[in-house]
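Working notes for the structure below.
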Amino acid sequence: MALTDANLLAALSETFAAGSGRKRLLYTGGGWLYGNSRRVLDETAPYDPPPEWRWAAEAAQRVVRLDGVEACVVHPANVVDAGVGAPPILLEDAQETGRVRLPVARDATWPLVEQSALAVLYALVLEKGLPGEVI
């Protein structure tokens with residue numbers, strides 16, 4: 001995944017540099033890039049990803065520095081379907097094993113965002129987001 005993402009960003013960078021006119025890019029990272037925290041996190045929190053996701057934090061930082069494009073980064077939490085309300089990782093495990101196995105401590109907080117709310121956020125960011133903004 002890291003190599004695919006790096007290749008995509010390289011191709012986008014070339015394309016944006018060669019073209020003219022206003023270009024916008026919305027890049028999706030993820031809430032996991034902020035690591036495990038007991039405090040409320042916002043856009044000013046530093047990245048603290050698990051080792052296997054460090055590449056994604058570096059990619060998000062690269063995106064906002066791309067030349068020739070107005071780029072924004074959105075880091076959604078666990079995206080859920082309005083009718084289900086549970087993170088897919090838990091649903092998949094339950095379907096496969098008949099049980100829900102929590103991959104983290106029982107007292108962990110799972111931030112959730114409903115998919116249609118995320119779609120509205122994406123539209124607003126593309127329309128009104130400031131270049132270099134991280135949400």
Side-chain angles (χ1 to χ4, degrees):
M1 198 156 150
L3 181 58
T4 300
D5 199 75
N7 289 339
L8 172 66
L9 290 179
L12 286 173
S13 183
E14 286 179 30
T15 301
F16 289 140
S20 62
R22 182 176 186 222
K23 294 169 229 90
R24 308 248 327 142
L25 173 67
L26 191 157
Y27 182 85
T28 300
W32 63 88
L33 297 183
Y34 293 100
N36 190 5
S37 178
R38 293 272 181 221
R39 62 188 178 88
V40 174
L41 300 174
D42 64 16
E43 296 83 359
T44 64
Y47 293 135
D48 185 22
E52 64 270 21
W53 289 101
R54 283 194 186 122
W55 67 267
E58 292 165 4
Q61 291 169 331
R62 255 192 332 272
V63 164
V64 296
R65 293 190 308 262
L66 285 174
D67 289 330
V69 63
E70 298 173 4
C72 297
V73 178
V74 173
H75 293 296
N78 296 288
V79 181
V80 297
D81 183 294
V84 179
I89 189 173
L90 298 181
L91 297 174
E92 291 165 8
D93 194 40
Q95 289 172 344
E96 290 175 17
T97 67
R99 292 185 269 183
V100 174
R101 181 179 43 87
L102 295 176
V104 295
R106 286 180 180 263
D107 64 343
T109 300
W110 287 65
L112 305 176
V113 61
E114 197 273 317
Q115 62 189 5
S116 65
L118 183 58
V120 169
L121 174 63
Y122 281 172
L124 287 170
V125 169
L126 284 170
E127 182 182 331
K128 299 179 180 187
L130 301 175
E133 192 169 32
V134 176
I135 301 169

Under 3.5 Å, sequence neighbours excluded: what are the donor-acceptor pairs made by side chains of residues 52-67?
unit_1: W55; atom_1: NE1; unit_2: E52; atom_2: O; d: 3.2
unit_1: R65; atom_1: NH1; unit_2: Q61; atom_2: O; d: 3.2

Checklist entry - With sequence neighbours left out, which residue pairs that include part of residues 124-135 fulfil the side chain to side chain donor-acceptor pair (under 3.5 Å) condition? => result none
Next on the checklist: If the condition is side chain to side chain donor-acceptor pair (under 3.5 Å), which residues does T4 pass it with, not counting sequence neighbours?
Outcome noted: none
Item to check | Non-neighbouring partners of R24 that pass side chain to side chain donor-acceptor pair (under 3.5 Å), sequence neighbours left out | outcome: E70
Please tabulate, for the side chains in residues 40-50, all donor-acceptor contacts under 3.5 angstrom to protein atoms that are two or more places apart in sequence or on a different chain.
unit_1: D42; atom_1: OD1; unit_2: T44; atom_2: N; d: 2.9
unit_1: D42; atom_1: OD1; unit_2: T44; atom_2: OG1; d: 2.5
unit_1: Y47; atom_1: OH; unit_2: H75; atom_2: NE2; d: 2.8

Item to check | Residues that L121 engages under side chain to side chain contact (heavy atoms under 4.5 Å, CB included), provided they are two or more places apart | outcome: V74, L118, V125, I135
Item to check | Non-neighbouring partners of Y122 that pass side chain to side chain donor-acceptor pair (under 3.5 Å), sequence neighbours left out | outcome: T28
Checklist entry - Would L126 end up clustered with V113 when hydrophobic side chains under 4.5 Å apart are linked, directly or stepwise? => result yes
Item to check | Pairs flagged by side chain to side chain donor-acceptor pair (under 3.5 Å) wherever residues 77-91 is involved - sequence neighbours left out | outcome: D81-Q115
Checklist entry - Transitively linked via ILVMFWY side-chain contacts under 4.5 Å: L26 with L130? => result no
Item to check | Selection residues 1-23 - residue pairs positive for ring pair (Phe, Tyr, Trp, His ring centres under 6.0 Å), sequence neighbours left out | outcome: none
Checklist entry - Under the side chain to side chain donor-acceptor pair (under 3.5 Å) rule, what pairs show up with a residue in residues 5-18, not counting sequence neighbours? => result D5-Y27
Checklist entry - In terms of hydrophobic clustering (I, L, V, M, F, W, Y; side-chain heavy atoms under 4.5 Å; direct or indirect links), are L8 and V69 co-clustered? => result yes
Checklist outcome for this item: Residues at least two apart in sequence or cross-chain that pass side chain to side chain donor-acceptor pair (under 3.5 Å) with T97, listed by chain then number, are none
Next on the checklist: In this structure, would V79 and Y34 fall into the same cluster of hydrophobic residues linked by side-chain contacts under 4.5 Å?
Outcome noted: no
Checklist outcome for this item: Closest non-hydrogen contact found for K23 with G68 is NZ-O, 3.2 Å
